[in-house]
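Have a look at the structure below before the remarks.
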Amino acid sequence: MDYHARLNTQLTLPELTPYQDSKKLVAPTFSNIDASTIGILQLNKLQHCQLGQLIAERNSQLGKVSGPSSEFIYNVRFIQMVPKCVATLNDAELTKQLNEVKQQKADLLFTYWEKMLFLDKQLASLYLPVSYSLLDVNQTQKQHTLNTLHYLASVKSALVNQEFNQINSAELEAHLATLFKNSYLPSLLRAMYEQIFILQQQNKALESVSFSDICKTGHNNKSATVLTNIFSKFYGSKIQGYHNDLLQEYMQVKPALLGLWQNHYHQPYKTDLKIHPLSLDISLKHYSVTHVTWWQQLYKRCHIQPG
């Protein structure tokens, strides 16, 4: 890093440890879901309903591997279709059974949602490790990501509020497809973590630097002047601007991520990392302010005018 190398022309700072990206969230433990089913005899009585067709299609696909998103969509559609089908029935026992299965699926729907969130490859890619940081924004990838995040946040809100009829499941697969090989969000998160990691190391190193060694009374403080010029040229003119750009990008996705990456009780999902991916803006601002404050103190101690 040019900035750190330039500082080391005047100071003796430890070399920076390269950032290694890690998995952002810890997936919950999912137990097998034992859901009730509709038998063949009962299914014959539902053939006139869309629900009957849905169940039949589902049964014909049981031999195939059903992905987490398909599981979620099926259960949403089942819940949505029961009332209309029940209204056409003249069978108290079947009506009771359908309503019981509907309630059971409603109770389990958030679990199906979480399984999709953590086990669907396209959704999991949002918080899995990536090898590069965001430098230039691909506007197409960004817009696809924002559209999908906002859609998913609206689905999550409907789930929490049990407004199941508000979920447009027909759009889900199309939205998830926009995340395939979409590097916008993963590279943005990595860039935030990387900059925080670098700042943490630099701040710690600068804490051990003695101002009195740099600014000696009655001596030519050329080193201090050179250092402040390096700070102004590299951090003030370039790095700080990059941090602001990252923060602006992050703040556009954070509202939707708050919806996605919190559980049913509005608690953030666990992470093995010291900084939660939902707190990256707070951390980057904190370490940036700490960094700038050290330089302000140097200016003051060495009686150097900024500029």
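FYI, the numbering just counts along the sequence from 1.
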Any chance you could lay out the side-chain contact (heavy atoms from CB on, under 4.5 Å) test for L94 and L46, step after step, and finish with the verdict? CA-CA 10 Å; L94 180 56; L46 302 175; 3.8 Å; yes

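- Checking side-chain atoms of Q201 against main-chain N and O of T17 turns up a donor-acceptor pair under 3.5 Å.
- Remark: K105 does not engage E100 in a salt bridge, criterion side-chain N to carboxylate O under 4.0 Å.
- Remark: E93 CD is loosely packed, at most 12 non-hydrogen atoms of other residues, nucleotides or ligands lying under 6.0 Å away.
- Because its NZ or CZ atom is not both nearer than 6.0 Å to the ring centre of F211 and within 45° of the ring axis, R301 does not count as a cation-pi partner of that residue.
- Two different hydrophobic clusters hold I282 and L25 under the rule that ILVMFWY side chains link at heavy-atom gaps under 4.5 Å.
- Between the N8 side chain and the L13 main chain, a donor and an acceptor come within less than 3.5 Å of each other.
- For the pair L7 and I230, the minimum side-chain heavy-atom distance is below 4.5 Å.
- In this structure, Q195 contributes its side chain and A191 its backbone to no donor-acceptor pair below 3.5 Å.
- Annotation: side chain of L98 is in contact with side chain of L89 (closest heavy-atom distance under 4.5 Å).
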Run L149 and L126 through side-chain contact (heavy atoms from CB on, under 4.5 Å) and show every step you take. CA-CA 10 Å; L149 289 179; L126 296 181; 4.0 Å; yes

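- Under a 3.5 Å cut-off, the side chain of S237 and the backbone N or O of S232 do form a donor-acceptor pair.
- With 3.5 Å as the limit, one finds a donor-acceptor pair spanning the side chains of Q252 and K142.
- A side-chain donor from one of E249 and Y184 sits under 3.5 Å from a side-chain acceptor of the other.
- Using a 3.5 Å distance cut-off with no hydrogens or angles, the side chains of Q103 and D107 do pair a donor with an acceptor.
- Side-chain contact of Y235 with S288: a donor-acceptor pair under 3.5 Å is present, judged by distance alone.
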side-chain contact (heavy atoms from CB on, under 4.5 Å) between L298 and I214: does it pass, once the steps are laid out? CA-CA 9 Å; L298 179 66; I214 302 174; 4.1 Å; yes

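- Under 3.5 Å, the side chains of S133 and S187 contain no donor-acceptor pair of N or O atoms.
- Between the side chains of Y242 and N244, no donor-acceptor pair of N or O atoms lies under 3.5 Å.
- K23 places no side-chain N or O within 3.5 Å of a backbone atom of L273 that could act as its donor or acceptor partner.
- Residue D213 places its CG atom among more than 12 non-hydrogen atoms of other residues, nucleotides or ligands, all under 6.0 Å distant.
- Counting non-hydrogen atoms of neighbouring residues, nucleotides and ligands closer than 6.0 angstrom, the CD atom of E171 exceeds 12 such neighbours.
- Listed for the H48 side chain is no donor-acceptor partner under 3.5 Å among the backbone atoms of C85.
- Each of Y250 and V289 belongs to its own hydrophobic cluster when Ile, Leu, Val, Met, Phe, Trp and Tyr are linked at side-chain heavy-atom distances under 4.5 angstrom.
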I would like to know whether R58 and E71 meet salt bridge (Lys or Arg N to Asp or Glu O under 4.0 Å); could you show each step before the answer? CA-CA 10 Å; R58 174 71 169 179; E71 290 273 354; 3.0 Å; yes

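- Using a 4.5 Å heavy-atom cutoff, the side chains of N203 and W294 are not in contact.
- For the pair D21 and P129, the tightest heavy-atom approach, listed with the atom from each and the gap, is OD2-CA, 3.4 Å.
- Under the 4.5 Å side-chain criterion, counting only non-hydrogen atoms from C-beta, P277 is in contact with Y193.
- Between I55 and Y74 there is a side-chain heavy-atom pair separated by less than 4.5 Å.
- Remark: the backbone N or O of L280 is not paired with any side-chain donor or acceptor of S283 at under 3.5 angstrom.
- V130 and Y19 are members of different hydrophobic clusters when ILVMFWY side chains are connected at heavy-atom separations under 4.5 Å.
- Here the side chains of S70 and E173 are in contact, with some heavy-atom distance below 4.5 Å.
- Taking the six-membered ring where the residue is Trp, Y299 and F231 present perpendicular rings, their angle passing 60° and hence far from 30°.
- Within the 3.5 Å criterion, the main-chain N or O of D91 finds a donor-acceptor partner in the side chain of T95.
- With hydrogens and angles disregarded, no donor-acceptor distance shorter than 3.5 Å links the side chain of S279 to the backbone of I275.
- When all heavy atoms of Q202 and H4 are compared, the closest pair comes out as NE2-ND1, 3.3 Å.
- For Y3 and H291, the ring centers sit closer than 6.0 Å to each other.
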side-chain contact (heavy atoms from CB on, under 4.5 Å) for L284 and L199? Distances and angles first, verdict last. CA-CA 8 Å; L284 183 55; L199 277 174; 4.0 Å; yes

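- One hydrophobic cluster holds both V292 and L227 under the rule that ILVMFWY side chains link at heavy-atom gaps under 4.5 Å.
- Within the 4.5 Å cutoff, the side chain of D245 has no heavy atoms near those of the L134 side chain.
- Electrostatic pairing of K254 and D281 counts as a salt bridge here, judged by a charged N lying under 4.0 Å from a carboxylate O.
- Taking the side chain as every heavy atom from C-beta outward, W113 and V155 approach each other to under 4.5 Å.
- Tested against N147, the residues Q143, H144, H150 include a single side-chain hydrogen bond (donor to acceptor under 3.5 Å, both in side chains) partner, Q143.
- Side-chain atoms of T145 and N182 include a donor-acceptor pair closer than 3.5 Å.
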Let me see the working for W261 and Y269 under ring-ring contact (aromatic ring centres under 6.0 Å, His included), right down to the final yes or no. CA-CA 6 Å; W261 291 351; Y269 289 112; 8.9 Å; no

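- Nearest heavy atom pair, residue N263 against residue F110, reads C-CZ, 3.9 Å.
- Under a 3.5 Å cut-off, the side chain of S208 and the backbone N or O of A205 do form a donor-acceptor pair.
- Heavy-atom neighbours of E163 CD from other residues, nucleotides or ligands within 6.0 Å: above the threshold of 12.
- Linking ILVMFWY side-chain heavy atoms closer than 4.5 Å, directly or via other members, places M192 and L146 in a single hydrophobic cluster.
- For an aromatic pair to be called close, the ring centres must be under 6.0 Å apart, and F118 with Y127 satisfies this.
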